[in-house]
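Since this is a predicted model, take the numbers as computed values, not measurements.
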Amino acid sequence: AFVILVFSVSAPAQEKINQFKVITYNIWNGYDWGKNEVRRAEVAAWINRQEPSMVALQELCKYTPEKLEEDARSWGHSYSVLLKTTGYSVGLTSKYPITIKEKILDGMHHGALHCVIKGIDVFVIHFHPGSISFRREESAIILNKLAGVREHNQYYMVLGDFNSHSPFDADLYDPEGYLLTRLKKRHPNIGIEEGNLSYGDLDYSVMSSLLAFPLIDVCRPYTCGMEERGSFPGRVLGPVNNESEEQLVSHLERIDYVLASPELSIKCTGARVCNGKENYYLSDHYPVMAEFELINK
């Protein structure tokens, strides 16, 4: 007779890899200050198809917490936070509970949100669109707060509309190209800093200060050239600016980013600017998406 012994060995608890997908999207004047419900529905449908874990939004004009909650539900998120109900607001929606750490308004043009989601300190920002010096002050405020976060948490990110150019893209901007030519015509006083020009060139100091913290630009390793990195302007701006699609494409620039702490960036498995056909006419900005692998013990 044979005796079969069956041993039940309890394996150690498996670490579950959790895909954490984030999107940042400037939705252009709150869908024309609430008047364009068609575009609102189209953006919501696009976000829903991406199945994100977290969405950071800018230009939530004429929004209430209830309206943002409605948007969040449309793409499967049970949690949402709105910075303010006046002017150009930012917001955050999530599949997971959101802890509000701070609504940052002092010294900020549009304001910023500091929240915690799944152990990650998240800053949603929208820097000043027309002043280099103001953006420098805003980035200093965020960096000061990040210094405090870094003391107790190695996982943090800053995402949104920075209205700033990255030194990683400097060689992609043609000095004689349409973008710089237009800016120089608008600000002819070469030799000083004015508006969005610094001594006749784009300013890289704001993004450089953030990258030096260091924060990691998670899109950079996964993208190449402005045709892949450009986040503004969307083709919807053609009729508004009386420009052809060729002209619009010729002054593509990258001003929207997902920046992550070094420890969090290691867990990034992919990132891109969604500037293809399906987003041409949804907003004047293109959304940025990044995916991370987080471990739940």
[X] and [Y]: side-chain donor and acceptor closer than 3.5 Å?
| X | Y | value |
| --- | --- | --- |
| His251 | Glu243 | yes |
| Arg136 | Ser205 | yes |
| Asn196 | Arg135 | yes |
| Tyr222 | Glu291 | no |
| His128 | Glu138 | no |

Original post:
Hey, are Asp217 and Arg254 close enough for a salt bridge, meaning a charged N less than 4.0 Å from a carboxylate O?
Top reply: yes

Subject >> Charged N-O contact under 4.0 Å between Asp121 and Lys101 >> reply: no

Is the closest side-chain heavy-atom distance between [X] and [Y] below 4.5 Å?
| X | Y | value |
| --- | --- | --- |
| Trp28 | Val236 | yes |
| Tyr25 | Leu282 | yes |
| Gln58 | Val124 | yes |
| Ile23 | Trp46 | yes |
| His114 | Val122 | no |
| Leu83 | Ile104 | no |
| Arg272 | Glu228 | no |
| Glu69 | Ser80 | yes |

Heavy atoms from other residues, nucleotides or ligands near [atom1] of [X] exceed 12 (cutoff 6.0 Å):
| X | atom1 | result |
| --- | --- | --- |
| Glu151 | CD | no |
| Glu102 | CD | yes |
| Lys62 | NZ | no |
| Asn242 | CG | no |

Original post:
Hey, mind stepping through Val43 and Ser283 against side chain to side chain contact (heavy atoms under 4.5 Å, CB included) and telling me if it holds?
Top reply: CA-CA 8 Å; Val43 168; Ser283 177; 5.5 Å; no

Under 3.5 Å, side chain of [X] to main-chain N/O of [Y], donor-acceptor pair present?
| X | Y | answer |
| --- | --- | --- |
| Ser94 | Tyr79 | no |
| His109 | Gly130 | no |
| Asn275 | Glu227 | yes |
| Arg235 | Leu248 | no |
| Ser261 | Gln154 | yes |
| Ser231 | Asp256 | yes |
| Asn18 | Leu294 | no |

Subject >> Geometric cation-pi criterion Arg39 and Tyr31, 6.0 Å radius, 45° cone >> reply: no

Distance (rounded to the nearest 0.5 Å) between [X] [atom1] and [Y] [atom2]:
| X | Y | atom1 | atom2 | result |
| --- | --- | --- | --- | --- |
| Phe127 | Asp161 | CZ | CG | 9.5 Å |
| Leu252 | Ile255 | CG | CD1 | 10.5 Å |
| Ser139 | Glu137 | OG | CD | 9.0 Å |

Original post:
Only one of Phe232, Tyr286, Phe162, Phe168 forms a ring pair (Phe, Tyr, Trp, His ring centres under 6.0 Å) with Tyr257, so which one is it?
Top reply: Phe162

**OP:** List the steps, then state whether side chain to side chain contact (heavy atoms under 4.5 Å, CB included) holds for Tyr204 with Leu202.
**Re:** CA-CA 6 Å; Tyr204 301 103; Leu202 299 174; 3.8 Å; yes

Original post:
Which is it for Met54 and Ile98 under the side chain to side chain contact (heavy atoms under 4.5 Å, CB included) test, yes or no, and what are the steps along the way?
Top reply: CA-CA 10 Å; Met54 182 189 94; Ile98 301 172; over 6 Å; no

**OP:** Evaluate the side chain to side chain contact (heavy atoms under 4.5 Å, CB included) criterion for residues Ser133 and Glu193: first the C-alpha distance (whole Å), next the side-chain angles of each, then the deciding distance (0.1 Å), finally the verdict.
**Re:** CA-CA 9 Å; Ser133 58; Glu193 284 194 337; 5.5 Å; no

**OP:** Evaluate side chain to side chain donor-acceptor pair (under 3.5 Å) for Asn189 paired with Glu194, printing each intermediate quantity in order.
**Re:** CA-CA 8 Å; Asn189 300 318; Glu194 186 180 5; 3.1 Å; yes

